Protein chains: 2
Amino acid sequence: MVKGKLSERQRRMLDFIEKFSNDSGYPPSIREIGKAVGISSTSVVNYNLNRLVDEGYLDRDQNVSRGIRLTEKLLKSVGKLSDVIRIRKVGRIFASEPVPLPSTDSPIFGADEAIEITRDLLSTTDGLFALEVKGDSMIDAMVNDGDVVVMKLAPDWHNGDMVAVWLKDKEETTLKHIYREGAKVRLQPANPTMGPIIIDDPENLEVQGKVVLVVRQLN
Amino acid sequence: MVKGKLSERQRRMLDFIEKFSNDSGYPPSIREIGKAVGISSTSVVNYNLNRLVDEGYLDRDQNVSRGIRLTEKLLKSVGKLSDVIRIRKVGRIFASEPVPLPSTDSPIFGADEAIEITRDLLSTTDGLFALEVKGDSMIDAMVNDGDVVVMKLAPDWHNGDMVAVWLKDKEETTLKHIYREGAKVRLQPANPTMGPIIIDDPENLEVQGKVVLVVRQLN
DNA sequence: ATTCTAACGGAACATACGTTCTATGTCAAG
DNA sequence: CTTGACATAGAACGTATGTTCCGTTAGAAT
């Protein structure tokens, strides 16, 4: 083998080991690797595993069942697993109340209530907070009851941002894409079949944050 | 034992299993657990492991060495950040095509795109694949152009599951909550203001997978 | 053509490993 | 005091598991 270049068989072995370990919670045995990759001899699997150790993709512990460990080099080469960011849930978002903004007070949820999101999914990690949507009132924002929205404060919002807006006269929170149009503000539903709301007096609304991510879990 | 309350021995076992798994990259064997916790009999370790499974802290695979998996409940109780699960993106979901299903072949290593999701957000980690939504045709499913849907194959779907259905006569994919009603099938949009589709002949549809998570990134 | 190295493959082996069985002990409930 | 459920413990067993040995093959280098 050319040093630094993996054979096709070795690459298939790594791929299998990485997937198997993720799916099962434990590494595969020599025989499981052989079966998956089409190698009938445990000594050939053993030989190739040792080559992968030499190349730095795996560690092995001797005389131990499933004694295979993925190395950082391997994880990087499959596309480094993303860091996890922990975002506090500060409460729920209702149509009839302003967004509960993060503060130093005890949040509605327990102090430890949080959602964990991979870093790749987030455009920023500064000043994020999460809210759980209650009710059907956000459906024009394509956001369901039970969805989690990750937001950040938006002192400087831009046209097209999806924001949580508190409409003072209606005493209502809504999620909309916001656009400044002259002296007015246009609130555009995410659902393309719905029409916008034009706010003649921007003093009537309060932009409480902008949405950076929506997560919907289904069972 | 009082249900829901762990004995001291069981708590020490969990603590050891979690630490050992982190340090070594693989779970401990029955005998390693026994040695660490001071239990000389493999059947006592086995008995207590089964109690921990009953309480939801562990999963076990039968007749497999180191066939112990930490559950989400355990990881939460030790306050540990969620694992990251890498889910292959197998393509895009269009209204006018069937869902591109994951191939049984091993992919060329590193070739596919993937999305990384924290384990907490997922009800299962088996057999997941991800698709990016193209077009506005899924808006009745509350799913936007550009959203990522995480799915799994659904040989046994249940009433209420959100599934990707290929409608043969219309040559169209749609995402709907599915219900079996006698000999017919009801496809219910996620948007509560929209009416259902009744499928008189279930042979006309093909359930291609069920949705377990929707992720929407906004910039 | 020959030699050398890498890779392969089957077989054997010893130990690791999880499961099962049987017996005993503890303690709460009646 | 008795009973039953839970927990313990040792032993046995069959299978899983990794390592080692020996021989073969393929291809590059000479």
Side-chain angles (χ1 to χ4, degrees), chain A residues 1-18 20-21 23-71, chain B residues 1-18 20-21 23-71 106 109:
Chain A
M1 171 190 94
V2 180
K3 183 154 173 66
K5 183 166 171 56
L6 300 181
S7 70
E8 175 61 18
R9 205 169 226 186
Q10 287 162 356
R11 292 203 285 122
R12 288 177 69 209
M13 283 170 62
L14 277 183
D15 183 58
F16 173 76
I17 293 165
E18 195 264 326
F20 186 102
S21 299
D23 290 349
S24 68
Y26 48 82
S29 66
I30 304 292
R31 284 174 175 80
E32 284 163 340
I33 296 168
K35 182 179 270 190
V37 170
I39 301 173
S40 57
S41 166
T42 52
S43 76
V44 175
V45 177
N46 191 56
Y47 169 85
N48 282 290
L49 285 177
N50 287 334
R51 295 287 76 74
L52 293 167
V53 170
D54 290 343
E55 293 302 319
Y57 290 103
L58 297 176
D59 285 334
R60 289 187 80 189
D61 289 344
Q62 289 303 109
N63 283 309
V64 152
S65 69
R66 304 177 190 276
I68 294 171
R69 212 170 6 259
L70 310 186
T71 60
Chain B
M1 174 191 93
V2 180
K3 181 155 174 67
K5 182 164 174 53
L6 300 182
S7 70
E8 174 61 20
R9 204 168 226 187
Q10 287 163 355
R11 290 202 279 110
R12 288 176 65 210
M13 283 170 63
L14 278 181
D15 185 56
F16 174 75
I17 292 167
E18 195 267 322
F20 185 101
S21 298
D23 291 349
S24 67
Y26 47 83
S29 65
I30 305 289
R31 283 173 175 81
E32 284 164 340
I33 295 168
K35 183 179 268 187
V37 172
I39 302 174
S40 57
S41 167
T42 53
S43 78
V44 175
V45 178
N46 190 56
Y47 171 86
N48 282 291
L49 285 177
N50 287 334
R51 292 290 75 73
L52 292 168
V53 170
D54 290 342
E55 295 301 322
Y57 290 104
L58 297 176
D59 284 334
R60 291 186 78 190
D61 289 344
Q62 289 302 107
N63 283 312
V64 152
S65 70
R66 305 178 190 278
I68 294 171
R69 206 166 16 254
L70 310 186
T71 60
S106 284
F109 192 64

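On a predicted model such as this, the values are computed, not experimentally measured, just so you know. Residue numbering restarts at 1 for every chain, and letters A, B, ... go by the order of the sequence lines.
For B/G38 and A/I30, each mapped to the nucleotide of DNA chain D holding its nearest heavy atom, the one lying further toward the 5' end belongs to B/G38. In this structure, B/V64 and B/Y47 both approach DNA chain D, and ranking their closest nucleotides by distance from the 5' end singles out B/Y47.
For A/N46 and A/R60, the side-chain atoms include at least one donor-acceptor pair closer than 3.5 Å.
Here the C1' atom of nucleotide D/dA7 and the CG atom of B/L6 are 15 Å apart, to the nearest Å. Put simply, CG on B/D54 is 14 Å from C1' on D/dA5, counting in whole angstrom units. Atom P of nucleotide D/dA7 and atom CG of B/L49 are separated by 13 Å, given to the nearest angstrom. Regarding B/R60, its CZ atom lies at a distance of 14 Å from the P atom of C/dC17, rounded to whole Å. Following rounding to the nearest Å, A/N46 (CG) and D/dC21 (C1') show an atom-to-atom distance of 12 Å. D/dA7 atom P lies 12 Å from atom CD1 of B/I39, rounded to whole Å. The interatomic distance linking A/D61 (CG) with D/dG18 (P) rounds to 12 Å, in whole Å. Whole-Å rounding puts the A/E8 CD to C/dA7 P distance at 14 Å.
Rounding to the nearest 0.5 angstrom, the gap separating the CD1 atom in B/I17 from the CG atom in B/L52 is 6.5 Å. Rounded to the nearest 0.5 Å, atoms CG (B/L6) and CD (B/E55) are 6.0 Å apart.
One finds a side-chain N or O of A/Q62 lying less than 4.0 angstrom from the OP1 or OP2 phosphate oxygen of D/dT19. Here A/R31 does not reach the OP1 or OP2 of D/dT19: none of its side-chain N or O atoms lies under 4.0 Å away. Between B/R66 and the phosphate of C/dG18, there is no side-chain N or O to OP1/OP2 separation shorter than 4.0 Å. B/S65 has no side-chain polar atom (N or O) that falls below the 4.0 Å cut-off from OP1 or OP2 of C/dG18. At the phosphate of C/dC8, OP1 or OP2 sits under 4.0 Å from a side-chain N or O atom of A/N48. At D/dA7, none of the side-chain N or O atoms of B/R9 fall inside 4.0 Å of OP1 or OP2 (strictly under the cut-off). Residue B/N63 places no side-chain N or O under 4.0 Å from the OP1 or OP2 atom of D/dT15.
When each of C/dC17, C/dT20, D/dT19 is scored by its nearest atom to the side-chain atoms of B/T42, the top-ranked nucleotide is C/dT20. Comparing atom distances between the A/S41 side chain and each of D/dG10, C/dG9, C/dG18 picks out C/dG9 as nearest. Distance from the side chain of B/S29 is smallest to C/dC17 among D/dT17, D/dG10, C/dC17. Closest to the B/V44 side chain, of the nucleotides D/dG18, D/dA9, D/dG10, is D/dA9.
Using modelled atom types, no side-chain atom of B/R31 and backbone atom of B/T42 make a donor-acceptor pair closer than 3.5 Å. Counting only distance, with no hydrogens or angles, the side chain of B/R9 and the backbone of B/V37 share no donor-acceptor pair below 3.5 Å.
A donor N or O paired with an acceptor N or O is found under 3.5 Å between the base of D/dA9 and the side-chain atoms of B/S43.
A/Y47 carries A/R51 over the face of its six-membered ring, with the cationic atom under 6.0 Å from the centre and within 45° of the normal.
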